[in-house]
J.: 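Structure provided below as structure tokens; questions to follow.
Worth saying up front: this structure is predicted, and the values here are computed from it rather than measured. Naming: A, B, ... by sequence-line order, numbering from 1 per chain.
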Number of protein chains: 2
Amino acid sequence: MPVYLHDIPLPEAQQRLWTALQEAGLIGILDVEPIPLDENALGRVLAEPVWALLSSPHYHASAMDGYAVRSADTSAAAPSNPVQLTCGEAAAYVDTGDPLPEWADAVIPIELIEALDETGGLTRQVRRPAAVRIRAAVSPWSHVRPMGEDIVATELVLPAGQVLRPVDLGALAASGQATVKVARRPRVAVLPTGTELVAVGQPVKRGDIIEYNSIVLGAQVKQWGGEVQRYPITADDFEQICARVKEAAQWADLVLLNAGSSAGSEDFSARVVETLGELLVHGVAVRPGHPVILGMLRVDGEPARQIPIIGVPGYPVSAAITGEIFVEPLLAKWLGRQPVKPITVEAALTRKVASPAGDDDYLRVVVGDVNGRRLAAPLSRGAGVITSLVRADGIAIIPRGIQGKEAGEKVQVRLYRSPTELARTLLVIGSHDLTLDLLAQYLMSRGLRLSSSHAGSLGGLIALSRGEAHLAGSHLMDLESGEYNLTYIRKYLPDVRVKVMGWVERQQGLMVAKGNPKMIRALADLARKDVRLVNRQRGAGTRVLLDFHLGKMGISPEQVQGYGQEEFTHMAVAAAVKSGRADTGLGIAGAAQALDLDFIPLYRERYDLIVPESVYESTLFRPVIELATEEAFRKAVAALPGYQTVRMGDILAEM
Amino acid sequence: MPVYLHDIPLPEAQQRLWTALQEAGLIGILDVEPIPLDENALGRVLAEPVWALLSSPHYHASAMDGYAVRSADTSAAAPSNPVQLTCGEAAAYVDTGDPLPEWADAVIPIELIEALDETGGLTRQVRRPAAVRIRAAVSPWSHVRPMGEDIVATELVLPAGQVLRPVDLGALAASGQATVKVARRPRVAVLPTGTELVAVGQPVKRGDIIEYNSIVLGAQVKQWGGEVQRYPITADDFEQICARVKEAAQWADLVLLNAGSSAGSEDFSARVVETLGELLVHGVAVRPGHPVILGMLRVDGEPARQIPIIGVPGYPVSAAITGEIFVEPLLAKWLGRQPVKPITVEAALTRKVASPAGDDDYLRVVVGDVNGRRLAAPLSRGAGVITSLVRADGIAIIPRGIQGKEAGEKVQVRLYRSPTELARTLLVIGSHDLTLDLLAQYLMSRGLRLSSSHAGSLGGLIALSRGEAHLAGSHLMDLESGEYNLTYIRKYLPDVRVKVMGWVERQQGLMVAKGNPKMIRALADLARKDVRLVNRQRGAGTRVLLDFHLGKMGISPEQVQGYGQEEFTHMAVAAAVKSGRADTGLGIAGAAQALDLDFIPLYRERYDLIVPESVYESTLFRPVIELATEEAFRKAVAALPGYQTVRMGDILAEM
């Protein structure tokens, strides 16, 4: 049975699903569930509007500790004309919240009365005197909370669809409710399939893929108000998958079948849906995420019913975005609440992006405010890179029909974080160093976020010149003078006043596999035919260093195997060596140690922070200055292999 | 033992608590708790930074279904120069995610190969051919997800303090984690005290107060990541409260004692804290909420320890704000996460507010965007009015030292709702009508919020003239012509182009107690000495109507008992009659029926919506136009007593 994948636009795909749900009678609240009114009602969604059963207060209540009186009795009272009221008939002590006697219409606070005993003398029994004396009139309903001040019986307290917050629970209780009718939580079954999958916590071998999409999807469902059941991993076997889907459908309101939604040899999802029900959509014009399946399952039983099934793509970013696009709005409908509407802001792209013209392109971006400009820096596009969603501050959708955007063009970003959090974000673009992770960790406990984008030292200076970063990490050696950074700053940042702040000195060298099987001893070995290099990208300080020393030794790039293989970080270079993809790469000692590689130390170098003056003097940057001289932080940095912090925090140059 | 209440500034109060917590060693995470990595880890807070145990992918993985090859073998391939690769030694079929053979360094997608059988002829066995033919070279590492593409082993995956989101769980799993170390949930005991309190669901009699602060506080604690235990109500008895606090302290990390935190005769909290530990603060300069108690309890045991106790004020708004000010930051510290930072926006006050100079004044406001201006309309100031927090879009803090703000002055508003939600809010200021609640309910299901502020018909027109509302409901009769609204619009809105949209006709009349004990028959009875009126405020259409008819009958205000007693809504007038505070009031039939009052119909009147042209033509207002002609909505309105919808949606005038 051939399976075809044909992408259709997102609105059309959604419309097909809504139409099928409508026909199956599945577009409103699934069931109304009465639950007790207590703190566990938090986050549930009101299934019906709630009208007050009781007023609040439900009687005229004193708003103060004092004496309930008839206001008319007090009209003559004045400092020079005290009026005496006999307790019991014309005055009665009330605590805050006590009901007024039938005859009373006002309260005089206790500190404004004189308490009298039977003889008419002052008494200290201010709460049980024989009479009280007052020296000022009180107007009707003074210091009284009249019945219904807060809520009048029969009034609307809360509308249907309200997601219950703590104060809502208070208002419901005040209005006389003891139970609350909420929408039943939709039940979602998540079925991971794939012979290559292993569950979290199981040992992994080459070719195994850790199954975690079901955890991400399950947590999404929980977050959006559903109830989730995660099933064990099913192998890529048509019959087994059919059996699992039928089993899950007995319990579930929605089945999420992950993955096998594409059109490969072991992609059974579309066939499963066709066999057990109706295939509505196979392929949606959204990247990442396009091989989505939407369908309806027939469920046996009395009466027979239908439930939707979504074939969720296997790549983790695609899976998470499929959750946001299809699962969240469906749960919202079933809960009777509004779908989640992310805050959307406009931002300028920091670099050009190309987009497939036929698809809505979900670009993950880091967002930062630099010099009053809001910027969006694109992250990795890979559908397999879950960390791109973790690091993302939001999603910029490049709509179908647009082939891409230029650097500086405006995009609309749906935020994952609040704008308040973004305002506390330091955007670092430039050279990658391990201490930036450490810095991020220390800044977090001071309420600040550090968001770093790795673009190489030169990339960082260029970002600063465009006003697209708060600061840059840089270790660019001048090929003539051997001096660090200054020549480059003069050339690339002629118009920006910056401070060069000392950060770390670190050891650069060649990373090689454990035991150094290729017997690499020095940079000259890169010219050997049997040695494959993994290089850093153009503009990286480490690349400049390599080119400098190769030049000095008279070795041309053509002589170096793998010179054209570029990676963007020290860790990526280390990973390439670790995996055997290359025999060696130039990088820092810390990266080698992290992956248990051998390391041949060659050069010591300076890694500085380049900070525009306006940033240096801002409150946003102050915590970095403080940390630079803080003992605990310097110790943590110095504990990294090959690191020294002698000049950390010093201003090495102002230019 | 006398108890003194002395308000100190909020920062000082917080400082005293932090200092005491520091001395008791209680300022960091309480405990580290390892939990399984599954969807239940959602929302938990990482106690430690997480470093990757595994790279992801942890081997070189094919990114496509296709053939793994040596890129070097393909370099000569071209359309005119096909290259043949023998399966097994120079080509191997791989599914997406499969590991590359050791010898391969690139993948050719399956759709780009020609499958050959043993004889060199084309075969349909595209996955098990003898050889493949290609007509293009492939560069090294094409269509390969290299080891570590997503995560490199030993890299920082997530920092300590991260509140776990669904994608975070995915990244943790991908990096080889099977458990996750999170901060233990702080345990919070909530102790409601008060002889006058009754639990939710129990019958209430006069003087009883429904206890719901513990539910609000409990739900707050849950929302902020704590674990809560609510205790039964304790009577106002010093010994009993002491016993309960000691019991709770055995389990809890924090005790919330509600209420009795003021200085009244039955306010025991301060004494309880002094007896069982140390009283740090009694009174904070914050309104509402000032009678807060902060202290430390001694807890017996091995070893003896200390825990904080907070005496939470009894008024529900004070209690909820005390939660936000003191409990949330404390839980944040104990969870190692950042405190909740609400989004703050600037808005212009729609009316003057007076503030106590000595206190931070927490003003609850409704926020709306009208004609590009962001406005904050103050809600009820009463500390007992929980619905003011329910309706509030945010809190404007008028700081200590400022006695108030003028209308139009800017305030900073800490939002309870997202700015996206506020942008979908229709702000209605003007006359109150029951159908506005109904409209709000219908608009909600269309993703729109209607926020109404009751200021009377005239108040609505004035708000429109100042550009401070999207629309106004109005039923102002011209005292000479008997015509509705037009004269007033001409007078108060000379410069604004508006449409007068027909809404409802409704019945006005006198509401009286059931059975009409005072035998009220007509408006003339208001002149009787034994009849007490409850009136509407100046500027209300109903007030204009009353004054018009009293004038016609030659009855002066001085002849009417209670003429000076003003309420702002029909329901409040009905509540006053219901409670016996007044014998009658002019209002609509619906309000009388809602509270089961008798009703003497007197006048039919028109209630119109006054809509500036710019609003009428906006997408924000379109749903109102649609609803006005929608059968279901008109039926729901007509079902209200005394309502007709004949001209609903008609444009009665443009001016």
Side-chain angles (χ1 to χ4, degrees), chain A residues 37-39 42 49 55 59 65 97 99 127 145 147-148 150-152 154-156 159 161 166-171 173-174 178 196 200-201 206-207 209-210 212 215-216 218-220 222-223 228 264-265 316 320 338 341 343 384-387 389-390 418 420 437 441 444 447 571 575 579 594, chain B residues 37-39 42 49 55 59 65 95 97 99 127 145 147-148 150-152 154-156 159 161 166-171 173-174 178 196 200-201 206-207 209-210 212 215-216 218-220 222 228 264-265 316 320 338 341 343 384-387 389-390 418 420 437 441 444 447 571 575 579 594:
Chain A
L37 180 58
D38 61 26
E39 68 275 17
L42 181 72
S55 296
Y59 53 85
D65 293 356
R127 290 184 178 88
R145 295 186 58 212
M147 177 174 158
D150 189 359
I151 299 168
V152 176
T154 79
E155 253 184 351
L156 180 73
V167 291
D168 296 333
L169 302 178
E196 71 286 6
V200 159
R206 217 174 112 84
I209 294 176
I210 299 173
Y212 60 79
I215 298 177
V216 175
Q220 285 184 328
K222 241 189 110 169
Q223 183 173 46
V228 69
S265 63
Q338 286 302 306
K341 291 259 166 68
I343 296 176
V385 182
I386 185 83
T387 48
L389 272 180
V390 169
S418 93
T420 315
D437 283 350
Q441 177 78 54
M444 193 161 180
M571 286 301 262
S579 72
Chain B
L37 180 58
D38 61 26
E39 68 274 18
L42 180 72
S55 296
Y59 53 86
D65 293 357
D95 276 324
R127 289 187 179 85
R145 295 185 59 213
M147 177 174 157
D150 190 358
I151 299 168
V152 177
T154 78
E155 253 184 350
L156 180 73
V167 291
D168 296 333
L169 302 178
E196 70 287 3
V200 159
R206 214 174 115 82
I209 294 176
I210 299 172
Y212 60 79
I215 298 177
V216 175
Q220 284 183 329
K222 243 188 109 167
V228 71
S265 62
Q338 286 301 306
K341 290 260 167 70
I343 296 176
V385 182
I386 184 84
T387 49
L389 271 180
V390 170
S418 92
T420 315
D437 283 351
Q441 178 77 56
M444 192 161 180
M571 287 301 262
S579 73

J.: Please rank B:Pro166, B:Gly148, B:Pro99 by heavy-atom pairs under 4.5 Å with chain A and give me the top one.
T.: B:Pro166

J.: Non-hydrogen atoms of chain B under 4.5 Å away: do they reach the side chain of A:Arg206, the backbone, both or neither?
T.: both

J.: Name the region of B:Asp38, side chain, backbone, both or neither, that has any atom closer than 4.5 Å to a heavy atom of chain A.
T.: both

J.: Looking at chain B, which one of A:Ala594, A:Gly161, A:Pro316 has the largest number of heavy-atom pairs inside 4.5 Å, strictly under?
T.: A:Ala594

J.: Does any heavy atom of chain A fall under 4.5 Å from the side chain of B:Ile151, the backbone, both, or neither of them?
T.: side chain

J.: Please look at B:Ala320 and chain A and tell me whether the side chain, the backbone, both or neither of the residue comes under 4.5 angstrom of a heavy atom of that chain.
T.: side chain

J.: Is it the backbone or the side chain of A:Asp437 that comes under 4.5 Å from a heavy atom of chain B, or both, or neither?
T.: both

J.: Quick one: salt bridge (charged side-chain N to carboxylate O under 4.0 Å, His left out) partners of B:Glu39, sequence neighbours excluded?
T.: A:Arg230

J.: Heavy-atom pairs under 4.5 Å with chain B are the metric here; pick the option from A:Ala178, A:Ala219, A:Gly384, A:Gly447 that has the most.
T.: A:Ala219

J.: Please classify the contact between B:Gln338 and chain A as side chain, backbone, both or neither, with a heavy-atom cut-off of under 4.5 Å.
T.: side chain

J.: Checking A:Ile386 against chain B: side chain, backbone, both or neither under 4.5 Å from a heavy atom?
T.: both

J.: With sequence neighbours left out, write down each residue that passes side-chain hydrogen bond (donor to acceptor under 3.5 Å, both in side chains) with A:Asp150, or none if nothing qualifies.
T.: B:Thr387

J.: Identify which part of A:Leu156 has an atom lying under 4.5 Å from any heavy atom of chain B, answering side chain, backbone, both or neither.
T.: both

J.: Among A:Gly170, A:Gly218, A:Ala575, which residue forms the greatest number of heavy-atom pairs with chain B at distances under 4.5 Å?
T.: A:Gly170

J.: Which atoms of A:Pro49 come close to chain B, meaning under 4.5 Å heavy atom to heavy atom: side chain ones, backbone ones, both, or neither?
T.: both

J.: At a heavy-atom separation under 4.5 Å, does B:Asp95 approach chain A through its side chain, its backbone, both, or neither?
T.: side chain

J.: Looking only at heavy atoms and a cut-off of under 4.5 Å, which of B:Asp65, B:Leu37, B:Val152 has the most pairs with chain A?
T.: B:Val152

J.: With the side chain counted from C-beta on, respond yes when A:Leu389 and A:Val216 share a heavy-atom pair under 4.5 Å apart, and no when they do not.
T.: no

J.: Atom CD1 in A:Ile210, atom CD1 in A:Ile215: separation rounded to 0.5 Å?
T.: 10.0 Å

J.: Side-chain contact, heavy-atom cut-off 4.5 Å: A:Val167 with B:Tyr212?
T.: no

J.: Between A:Met147, A:Gln223, A:Lys222, which has the largest tally of heavy atom pairs under 4.5 Å with chain B?
T.: A:Lys222

J.: Specify which of A:Asp168, A:Val385, A:Val228 makes the most heavy-atom pairs with chain B at under 4.5 Å.
T.: A:Val385

J.: Counting heavy-atom pairs under 4.5 Å to chain A, which of B:Gly201, B:Ser55, B:Ala174 comes out on top?
T.: B:Ala174

J.: Against chain B, work out which of A:Ala171, A:Ser418, A:Gly207 has the most heavy-atom pairs shorter than 4.5 Å and name it.
T.: A:Gly207

